[in-house]
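It should be emphasised that the depicted structure is a prediction, and the values quoted were computed from it without experimental measurement.
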Amino acid sequence: MMTREQRAGLARLMLRWPEGRAALRLKAASDLTLLDLCEGYELACDAAIYWSKSNAPGAVAIADEYRDIVAELEVEIRERANLVSEFTAS
């Protein structure tokens, strides 16, 4: 059974990449590592949003770091789900 974060991350990715929804759903059903990546993706997206709204010292740099992590996770997830050849990144 998927955690809330895994489900949310997978849903966020399926919204981001509608062309790859079926492949993501299929791969996530049997790949625990992909689900872990989806969980990390959700958490990193939430953190990027949080820090981008914060007025705390250093918040801009922290938000930028989380956005970099999000981008890196997107690449890894596309590769893991074999989506690289199916569509191009948006």
Side-chain angles (χ1 to χ4, degrees):
M1 177 163 274
M2 281 190 267
T3 67
R4 186 206 74 77
E5 291 82 7
Q6 289 170 335
R7 267 192 315 277
L10 181 60
R12 192 185 294 250
L13 287 160
M14 289 192 298
L15 287 171
R16 177 147 169 72
W17 304 323
E19 308 86 2
R21 279 184 191 154
L24 278 168
R25 191 176 298 118
L26 182 66
K27 186 71 173 181
S30 62
D31 189 335
L32 295 176
T33 301
L34 180 63
L35 287 178
D36 287 342
L37 291 168
C38 289
E39 180 177 4
Y41 182 77
E42 176 65 13
L43 295 171
C45 286
D46 283 350
I49 292 166
Y50 172 84
W51 286 105
S52 68
K53 295 177 181 177
S54 174
N55 293 326
V60 171
I62 294 169
D64 287 344
E65 287 177 30
Y66 276 109
R67 281 191 285 273
D68 289 344
I69 291 169
V70 165
E72 291 170 13
L73 283 167
E74 286 179 351
V75 170
E76 192 168 348
I77 291 166
R78 277 195 306 267
E79 290 172 357
R80 182 98 192 165
N82 297 316
L83 298 177
V84 176
S85 61
E86 293 184 27
F87 65 94
T88 56
S90 332

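Atom CD of E72 sits about 6.5 Å away from atom CG of D68, to the nearest 0.5 Å. Rounding to the nearest 0.5 Å gives a distance of 7.5 Å between CD1 of I62 and OH of Y66. Atom CD of E76 and atom CG of L34 lie 9.5 Å apart (nearest 0.5 Å).
Residues passing the salt bridge (charged side-chain N to carboxylate O under 4.0 Å, His left out) test with R7: none are found, sequence neighbours excluded. Shown here are the side-chain contact (heavy atoms from CB on, under 4.5 Å) partners of L35, two or more places apart in sequence or in another chain: M2, Q6, A28, L32. Under the rule for a salt bridge (charged side-chain N to carboxylate O under 4.0 Å, His left out), the partners of D31 that lie at least two apart in sequence or sit in another chain are K27, R80.
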Side-chain donor-acceptor distances from residues 48-61 under 3.5 Å, at least two apart:
{"residue": "S52", "atom": "OG", "partner": "A48", "partner atom": "O", "Å": "3.2"}
{"residue": "S52", "atom": "OG", "partner": "I49", "partner atom": "O", "Å": "2.8"}
{"residue": "S54", "atom": "OG", "partner": "A56", "partner atom": "N", "Å": "3.0"}

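Contacts classified as salt bridge (charged side-chain N to carboxylate O under 4.0 Å, His left out) and involving residues 35-46 (residues at least two apart or in different chains) are given here: R12-E42, R12-D46. For residues 55-64, the salt bridge (charged side-chain N to carboxylate O under 4.0 Å, His left out) pairs, not counting sequence neighbours, are D64-R67.
With hydrophobic clusters built from ILVMFWY side chains whose heavy atoms lie under 4.5 angstrom apart, I77 does not share a cluster with L43.
A81 and L24 get closest at one heavy-atom pair: CB-CD2, 3.9 Å. Residues E74 and W17 share a closest heavy-atom pair of O-CH2, 3.6 Å. Here the shortest heavy-atom pairing between C45 and V70 reads N-CG2, 3.7 Å.
In this structure, the side chain of R78 does not engage the main chain of L83 through any donor-acceptor pair within 3.5 Å.
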